[in-house]
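Note that these values count all heavy atoms, side chains included, but never hydrogens, waters or copies made by symmetry.
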Number of protein chains: 2
Amino acid sequence: MNELSRQATLNPIHAPHAACSQCNLQELCLPVGLTTAELSTIDHLVSERRKVARGDALFCSGDHFTAIYAVKLGFFKTEVLSEDGRHQVTSFYMAGEVLGMDGISAETHHCDAIALEDSEVCLIPFNQLESVSLKVPTLQRHLHRVLSREIVRDQGMMMMLGAMRAEERVIAFLLNLSQRYIARGYAAADFNLRMTREEIGSYLGLKLETVSRAFSHLQEEGLVQVEKKRIRLMDTARLKKLLSHDDASR
Amino acid sequence: MNELSRQATLNPIHAPHAACSQCNLQELCLPVGLTTAELSTIDHLVSERRKVARGDALFCSGDHFTAIYAVKLGFFKTEVLSEDGRHQVTSFYMAGEVLGMDGISAETHHCDAIALEDSEVCLIPFNQLESVSLKVPTLQRHLHRVLSREIVRDQGMMMMLGAMRAEERVIAFLLNLSQRYIARGYAAADFNLRMTREEIGSYLGLKLETVSRAFSHLQEEGLVQVEKKRIRLMDTARLKKLLSHDDASR
DNA sequence: CGCAATTTTGATTTTGATCAACTTCTGTGG
DNA sequence: CCACAGAAGTTGATCAAAATCAAAATTGCG
């Protein structure tokens with residue numbers, strides 16, 4: 001193990017050393033609740049920062065899996081595509097979130113990860129992460145939490161896709177984004193979308209026209225302000241009520 | 001760690017000791033590719049077998065998370081329910097599959113797990129599993145694979161819910177079941193559904209009438225034989241083609 | 001600045017939901 | 001073992017939500 005971390009230290013490939021212990025995203029990313037000593041172990045783990053230009057892929061479906069990635073800066077989408085042309089956006093990732101964990105099971109990625117704006121990620125080589133987490137139980141536990149959180153998130157998504165009508169999905173989407181911006185210390189109710197209506201639609205299982213109409217309608221109702229990509233939530237309470245209240249039909 | 005495994009050994013609560021090393025589901029469940037020595041370590045890990053009668057819950061949403069469960073025998077569904085009455089089936093689990101991993105992230109389960117027939121599970125206390133996997137890297141790796149496989153599976157599900165039409169979903173569902181029966185050595189094309197049309201519908205984001213109509217239509221086309229719960233796939237090749245071929249629209 | 005991409009809005013069509021009636025099945029108790 | 005009640009499943013008619021088609025307006029890259 002030691003030679004691995006030394007190698008990383010000697011090998012600042014693209015950027016100055018990552019230094020989780022200094023990172024302001026600390027509590028959002030992998031190293032939650034570690035002691036200072038443990039944290040500095042992790043510093044050696046994160047071997048590399050990588051810049052990804054808007055529109056470029058961080059990894060593609062079929063790529064050999066070697067690492068997971070913590071978003072340091074920017075915004076990503078992941079999408080799966082089936083043999084036929086069909087494809088669907090499965091997630092959006094913002095700073096502090098970890099992506100690429102779909103690759104663990106078969107050592108091959110099952111989706112494409114595309115940067116929606118110029119972005120930067122911390123690369124965490126997975127077998128090093130596994131080695132270190134054998135030594136640092138707190139890290140192992142946290143890794144399991146991160147993996148499990150992804151499972152829970154996906155289940156919520158399935159619920160949304162299976163049981164909500166179009167406008168509800170859009171509301172849920174906006175509230176979820178807002179929630180995540182709050183966690184990052186940004187304004188809860190005023191943010192810019194980084195993705196197109198089409199990408200939102202794909203994510204929500206809707207056509208882009210339907211997303212656009214939902215935005216317009218929510219605006220008419222005074223619930224949100226939509227100004228191209230800028231979204232302002234005008235009445236979060238009522239939005240939440242619209243979600244939880246609706247006819248428990250489907 | 002030792003006292004934990006001893007405790008387990010001394011404590012055959014409901015059934016004779018589980019004995020992964022003897023289990024015929026071995027290669028489907030947790031202990032893949034372990035050495036004999038490693039396997040016997042795991043024997044001590046699986047502390048208990050538990051029977052769950054048809055209709056009973058293995059765990060419920062909100063329950064404190066302590067263990068994951070390998071299905072030894074039988075069939076389960078998991079369903080999430082939101083604050084309002086809305087609920088949705090998120091997965092089905094058959095023998096050899098592992099469930100309960102949604103609970104890791106917050107040490108609380110996020111769904112209900114209900115037995116669809118009289119079933120039996122092996123209970124794997126999660127913090128013991130974590131402890132042991134600190135000692136057995138192969139096990140740690142395998143655990144990560146199992147977690148990741150769940151993520152990949154969910155992504156496929158999202159694709160299905162977001163991008164397929166009703167009949168395609170039903171076909172995908174049947175082919176998936178068939179696939180999993182094959183992996184268990186059962187007939188690929190002739191099996192009994194353990195769930196109702198309503199549960200299938202909930203899982204697929206459809207109403208039960210729609211599922212029923214899809215079955216009828218597929219039968220008219222000579223693609224499947226439906227006889228109450230018994231399903232025979234008459235033309236797997238064509239079914240697959242229907243899935244991959246369809247207009248790559250949505 | 002100009003052109004391609006994105007977005008909005010409207011008209012129409014399609015899919016699947018809903019409502020309803022009827023049949024079949026299952027399991028329980030007499 | 002049969003009768004029966006409730007659950008599960010099928011099928012048809014109608015309706016509503018979202019997709020599709022189409023056109024115009026806006027935006028933002030290069």
Quiz item: Nearest to the side chain of B/Lys207, which nucleotide is it out of C/dT18, C/dG27, D/dA8?
Solution: C/dT18

Quiz item: Which nucleotide in the list C/dA17, C/dT8, D/dG9 gets nearest to the side chain of A/Leu208?
Solution: C/dT8

Quiz item: Side chain of A/Ser216: nearest nucleotide among D/dT11, C/dT8, C/dG27?
Solution: C/dT8

Practice problem: Considering just the side-chain nitrogens and oxygens of B/Arg197, establish if one lies under 4.0 Å of OP1 or OP2 belonging to D/dA7. | Solution: no

Quiz prompt | Audit row: A/Phe92, A/Phe76, ring-ring contact (aromatic ring centres under 6.0 Å, His included) steps and yes/no | solution = CA-CA 6 Å; A/Phe92 296 108; A/Phe76 286 84; over 10 Å; no

Quiz item: So, is B/Lys229 close to the D/dA8 phosphate, meaning a side-chain N or O under 4.0 Å from OP1 or OP2?
Solution: no

Quiz item: B/Leu58 pairs by side-chain contact (heavy atoms from CB on, under 4.5 Å) with which of B/Asp112, B/Ile114, B/Thr78, B/Val121?
Solution: B/Val121

Quiz prompt | Selected nucleotide, minimal atom distance to A/Thr196 side chain, candidates C/dG16, C/dT6, D/dG9 | solution = C/dT6

Practice problem: Could you tell me whether B/Arg50 and B/Glu120 have a side-chain N and a carboxylate O separated by less than 4.0 Å? | Solution: no

Quiz item: When A/Glu117 is tested against each of A/Lys51, A/Lys229, A/Arg194 for salt bridge (charged side-chain N to carboxylate O under 4.0 Å, His left out), which residue passes?
Solution: A/Arg194

Practice problem: Could you work out which one of C/dC19, C/dT9, D/dG9 sits closest to the side chain of B/Glu209? | Solution: C/dC19

Quiz prompt | Rounded (10°) bend between the five-pair end axes of the helix from C/dC1-D/dG30 to C/dG30-D/dC1 | solution = 60°

Self-check item: Nearest to side-chain heavy atoms of B/Leu206, which nucleotide of C/dA17, D/dG9, C/dT6
Solution: C/dA17

Exercise. Would you tell me if any nitrogen or oxygen in the side chain of A/Lys228 comes within less than 4.0 Å of OP1 or OP2 on C/dT7?
Key: no

Self-check item: Under 3.5 Å: donor-acceptor pair, side chain of B/Arg169, backbone of B/Met164
Solution: yes

Quiz item: Below 4.0 angstrom, N of the basic side chain to O of the carboxylate: do B/Arg165 and B/Glu167 qualify?
Solution: no

Quiz item: Quick one: the side chain of B/Arg213 and the base of D/dG12, do they pair up donor-acceptor inside 3.5 Å?
Solution: yes

Quiz prompt | Residue whose closest nucleotide on DNA chain D lies nearer the 5' end, A/Thr210 versus B/Val226 | solution = B/Val226

